[in-house]
Amino acid sequence: MEKENIAVGLDIGTTKIVAMIGKKNEYGKLEILGVGKSKSLGVARGVVNNITQTIQSIQQAVAEAENNSGYKINDCVVGIAGQHIRSIQHSDYISRSNPEEVIGDKDIDLLINQVHKLAMLPGEEIIHVLPQEFKIDGQSEIKEPIGMYGGRLESSFHVVVGQASSIRNVGRCIQSSGIELSGLTLEPLASADAVLSQEEKEAGVALIDIGGGTTDLAIFKDGIIRHTAVIPFGGNVITEDIKEGCSIIEKQAELLKVKFGSAWPGENKDNEIVSIPGLRGREPKEISLKNLSKIIHARVVEIIEQVFSEIKAYGHEDPRRKLIAGIVLTGGGAQLQHIKQLVEYITGMDTRIGYPNEHLAGNSDEEISSPLYATAVGLVMNSIQNNTKSATLMVPVKEEVKIVYRQAEPEITKAETLVEEVREMVHAEVSQPKPIKEVESTENKIKRSFFDKYVDKIRDFLDNAE
């Protein structure tokens, strides 16, 4: 029997850590077997700043996923983000020794490995080398060069670069949690796999993943990744502004944002007010929803404008680079009310909220279909492509229980048993050999003790009989 390809994705975010276990079903859809979620401690703006707390949060999420699924996690694909991420465009080529041979996978690998040797800034490391379009002997715009003839193979690449120390810290946290690291994936690329269709990637689309600590951007055109960026602002700065603006604690600010927050101030009436309990017996605090949405609006506009400047840097105003499919919003920040309308207003581009349900099996839990889990779903899909057996079924050790069948005895048997016990007592008393002198002196004593025991036995029997 062929072993199941069980895949595991680990999303280490600023606000939450998600461990997700899944497999492909017979229809090619992703079936989620178990999910574990824990509050992310020790991560700020996508970067680990406390190793011990991050390990504890990972272990908590992993344990929950294992309990929910019944699978033991061996290794995982982890998402990488943070303000240290940057991307560059690069072109490179190789000259083939035998142009009469068709181009194969080894030629592509040779070209990619050559790009991996690029000189980076001190402390930087290449995370992804993504081929875009190939050129063979001067013939350009070739998407699939395998099987073609040619002497000079050239390609343009999208190279994703990050801080080596940040990447190693993430790896250390995972290995210290008792799990192996099978792969690293840029989080916006994982989210794109989960929420974008192939048609959107062909037409041209910008994916904006609004997380807790960072906002990630991935731009696709003609089915190829064209631009990636990580902006060091997310939902947490909105919560921080609410906390400062309304003079309340962070927990209350987060609840206000999630339950009553809106990115469009005009939607709230002036008389809509929320009362928040005061601290330690103090008077409750009344907060106007209109003021709340003004605070949220100001910060969301700032985030979207920064993302839009990245889209402009890509050159979307060029007719050949136009993003026909517009913008797709995902991540926890995409759940904010009226954010879709605000993004459309600022950018003038069609916008939709991205849910990861297109690739999920029909019987998936509704919560997993939330934009909140887009990155985790994408990481599981990435793990499936690696074809690694990332989790194994836990077989519980069953205790052997011996069942003894005993037939109920009728009441008469109890009486017979009592007589038999008395007979044995008499035999025991009489059969014990004693010296002749002792027999005479103890005869009465023996009879007395025997009689007492006999009477006690009869009394117990009658007391217990109904």
Side-chain angles (χ1 to χ4, degrees), residues 1-13 16-38 57-81 128 170-171 173-175 177-198 201 207 209 218 330-331 354-398:
M1 184 181 170
E2 191 185 338
K3 286 186 176 181
E4 283 184 304
N5 180 14
I6 308 297
V8 179
L10 186 67
D11 175 16
I12 301 176
K16 69 180 189 322
I17 289 176
V18 178
M20 192 176 276
I21 305 172
K23 66 171 183 179
K24 266 198 175 175
N25 65 11
E26 64 268 34
Y27 306 109
K29 294 287 186 183
L30 185 62
E31 186 181 327
I32 303 300
L33 303 170
V35 179
K37 190 171 86 168
S38 68
S57 298
I58 290 171
Q59 285 173 333
Q60 191 182 331
V62 164
E64 192 182 319
E66 288 178 338
N67 291 339
N68 288 346
S69 66
Y71 283 84
K72 177 84 177 74
I73 294 174
N74 305 319
D75 59 67
C76 67
V77 168
V78 70
I80 195 106
H128 289 296
V170 169
C173 289
I174 291 161
Q175 285 173 335
S177 305
I179 303 166
E180 288 301 312
L181 183 63
S182 64
L184 275 172
T185 300
L186 189 65
E187 291 202 346
L189 296 181
S191 303
D193 285 342
V195 303
L196 297 181
S197 67
Q198 192 55 40
K201 288 180 181 178
L207 176 84
D209 184 345
T330 193
Y355 298 91
N357 50 9
E358 186 183 333
H359 302 284
L360 291 174
N363 59 353
S364 296
D365 192 358
E366 194 178 329
E367 191 189 1
I368 297 163
S369 301
S370 158
L372 206 68
Y373 291 101
T375 304
V377 170
L379 292 169
V380 174
M381 290 168 66
N382 196 280
S383 183
I384 285 173
Q385 287 168 7
N386 290 355
N387 211 26
T388 53
K389 190 168 172 57
S390 298
T392 47
L393 193 62
M394 288 191 285
V395 182
V397 180
K398 292 182 180 177

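Just so you know, these numbers use all the heavy atoms, side chains as well, and skip hydrogens, waters and symmetry mates.
- Heavy atoms only, all atoms of each residue included: G378 and A194 are closest at N-CB, 3.7 Å.
- Heavy-atom contacts from other residues, nucleotides or ligands closer than 6.0 Å to CD of E26 number more than 12.
- Using a distance-only test at 3.5 Å, with no hydrogens or angles considered, a donor-acceptor pair links the side chain of S177 to the main chain of C173.
- Under the 3.5 Å distance criterion, the side-chain polar atoms of T330 are matched with a main-chain donor or acceptor of G354.
- Of the possible polar contacts, one joining the S182 side chain to the C76 backbone as a donor-acceptor pair under 3.5 Å is found.
- Residues S370 and Y355 have side chains not in contact (no heavy-atom distance under 4.5 Å, counting atoms from C-beta outward).
- Atom NZ of K29 is surrounded by more than 12 heavy atoms from other residues, nucleotides or ligands within 6.0 Å.
- Looking at every heavy atom in both residues, H128 comes nearest to L186 through NE2-N, 3.0 Å.
- Salt bridge D193/K201: present, at least one basic N to carboxylate O contact under 4.0 Å.
- Shown here for V18 and K37, the closest heavy-atom pair between the two residues is CG2-CG, 4.1 Å.
- Remark: S191 engages D209, T375 in a side-chain hydrogen bond (donor to acceptor under 3.5 Å, both in side chains) (not counting sequence neighbours).
- With hydrogens and angles disregarded, a donor-acceptor distance shorter than 3.5 Å links the side chain of E66 to the backbone of I73.
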